[in-house]
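In this chain, residues are counted from 1 in sequence order. We count ligands from 1, going down the list as the structure has it; atoms in each ligand are counted the same way.
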Amino acid sequence: MTRIRRSSIEMDQEEFRKIGYQLIDDISNFTNSIRQRPVTPNESPGELQNILGNSSLPENGSPANELIAKATDLLFNHSLLNGHPKFLGYITSSAAPMGAIADLLAASVNPNVGAHILSPMATEIEKQTVKWLAEFIGVSTNYGGILVSGGNMANFTAFLAARTAKAPDSFKEDGILSSSKRLTVYCSKTTHAWIEKAVILCGLGTKSIRWIKTTPSNQMDDTILEATIEEDIKNGCKPIIVIGTAGDVSTGVVDNLKNLSVISKKYDLWFHVDGAYGIPAAVNPEYKSLFDGIKDADSIALDPHKWLYSPLEAGCTLVKNPQHLLNTYSSHPEYYNFNKNQDEISQNYYEYGLQNSRGFRALKVWLTLQQVGRSGYVKLIGEDIELSKLLFQLAKKHQELDAVTQNLSITTFRYIPANCKKDLEKKESYLNKLNEEIVNKLQIGGEVFLSNAIVNDKYCLRACIVNFRTSINDIKEIIEIVVRVGRKVHLELKDKKD
Ligand SMILES: *Cc1c(COP(=O)(O)O)cnc(C)c1O
């Protein structure tokens with residue numbers, strides 16, 4: 001080693017600037033041309049491996065500029081583009097460009113947001129972000145919380161806090177043996193699959209879940225909920241948590257949170273709201289009342305990487321009394337020299353959740369909230385909902401389409417071949433098969449990306465608009481694409497049958 005260390009991993013200032021400027025130029029051209037690109041290139045794993053090559057771990061290093069040029073080519077030309085205006089699948093938003101810049105800045109300073117002393121300003125920015133998110137959805141800013149990787153983690157983080165709060169006091173020490181009674185949790189049949197992972201993770205087991213039936217409007221049936229709780233208590237179980245959904249993944253329906261909160265209070269249960277997808281719509285005065293009861297939630301999960309358009313990953317857990325997070329997650333190992341010699345108490349995020357070392361995911365959320373502002377989000381979210389309603393209306397009007405549901409920004413609909421509208425019942429199994437095949441075709445076609453939903457046993461096409469790039473024209477074109485592909489798939493299936 002020379003006296004001044006020269007590390008192969010370091011970039012000198014000139015090299016960093018050159019690569020950085022080039023990359024920013026390339027990204028800006030990519031984003032600008034995204035509309036002209038296919039939503040997905042539809043390449044098989046084998047084809048992708050050929051493009052990538054199968055060389056073994058490099059023995060020696062390569063020039064950074066060549067590597068970045070190769071990586072941008074691979075990613076720009078061989079990715080599914082959820083930033084495309086016609087990507088309406090699952091619940092993945094177009095990413096705010098501000099988020100990309102924020103992530104570059106966050107990684108460059110690289111604060112470890114596990115402890116205040118390691119991330120002084122970043123910790124304060126995360127605290128402010130959490131407070132703003134509470135304000136955004138209209139609950140008290142006394143809620144505390146933490147940013148996590150996404151909706152699943154946000155729900156797990158709250159779930160474990162709920163279990164600690166409501167299970168016998170010795171649960172943390174004795175584990176599952178501390179309770180002679182089965183601990184039970186309540187959610188509707190539409191609840192996202194996270195709940196199964198949560199009960200497995202927390203040692204309750206999947207038999208602790210009470211899947212409550214839904215009403216015809218797809219909300220949790222609160223009469224059945226209350227009867228089930230009563231029944232469980234009679235049978236010696238210990239109910240602990242009620243989970244309401246604020247925007248279910250399939251159709252966007254919001255449970256009657258007010259009623260669920262009243263029942264939770266009556267039986268002294270923790271009331272958790274999974275708002276991973278839908279709760280940001282509470283910012284819009286037109287839709288706020290859908291979420292009445294949210295202020296009584298003991299905990300709330302939401303996903304900035306869905307309807308706040310943050311790039312992956314960003315989820316958030318909010319807890320009415322943040323002390324519950326500390327009760328669950330705090331520990332003071334001897335190797336941490338935090339919180340000494342300070343008059344003010346500083347917040348160490350490792351005590352608020354499962355992670356220890358933590359990245360600065362708050363920055364992209366914090367910056368985008370300011371770039372857009374509350375009124376900007378009211379408009380963006382309102383427009384997404386309007387586009388979803390337009391899709392529903394156009395499907396309803398079309399001879400060969402059947403509009404099925406429309407809630408928040410999710411529309412479900414089906415393709416029904418011309419002169420097939422009579423005797424629908426007889427044809428249900430064919431229509432299910434036909435629409436499944438249409439989804440498959442659309443997902444590889446590259447023109448539009450939709451996903452599916454099963455609504456009352458009907459296999460539907462599903463569009464979820466959390467996309468600030470989608471326009472009225474896109475919606476009209478999507479109708480045309482679906483009908484064109486629908487006709488083609490119908491002919492193919494019919495020919496096979498004949
Ligand atoms: C998306 C979603 C989840 C899971 O969130 P991830 O960010 O994918 O982990 C959980 N619940 C609901 C209601 C969701 O919409």
Here the atoms of ligand 1 under 4.0 Å from any heavy atom belonging to Ile91 are 15 (O)

Ligand 1 atoms nearer than 4.0 angstrom to some heavy atom of Asp303 are 5 (O), 6 (P), 7 (O)

When only distance counts, is Lys306 in polar contact with ligand 1, meaning an N/O pair under 3.5 Å? yes

Qualifying residue, where the test is salt bridge (charged side-chain N to carboxylate O under 4.0 Å, His left out) with Arg358 and the options are Glu351, Glu126, Glu313: Glu126

With heavy-atom distances below 4.0 Å as the criterion, list the atoms of ligand 1 near Ala276. 2 (C), 3 (C), 10 (C), 11 (N), 12 (C), 14 (C)

Would Asn152 count as being in polar contact with ligand 1, using the rule that some N or O on each side must be under 3.5 angstrom apart? yes

Before accepting this row, confirm whether a basic side-chain N of the pair Lys433/Glu437 lies closer than 4.0 Å to the acidic partner's carboxylate O. no

Are Asp474 and Arg469 ion-paired here, with the side-chain N under 4.0 Å from a carboxylate O? no

Under 4.0 Å, heavy-atom basis, I'd like to know which part of His305 is in contact with ligand 1: side chain, backbone, both or neither. side chain

Looking only at N/O atoms, are Gly151 and ligand 1 under 3.5 Å apart anywhere? yes

With ring-ring contact (aromatic ring centres under 6.0 Å, His included) as the criterion, how do Tyr349 and Tyr352 come out once you've worked through the C-alpha distance, each side chain's angles and the decisive distance to 0.1 Å? CA-CA 5 Å; Tyr349 270 110; Tyr352 281 72; 5.8 Å; yes

Electrostatic pair Lys131-Glu135, nearest N-O below 4.0 angstrom: no

Under 4.0 Å from a heavy atom of Gly247: give me the atoms of ligand 1 that qualify, with their elements. 13 (C)

Kindly determine whether Asn452 and Tyr459 satisfy side-chain contact (heavy atoms from CB on, under 4.5 Å), including the steps that lead there. CA-CA 7 Å; Asn452 66 292; Tyr459 194 102; 3.4 Å; yes

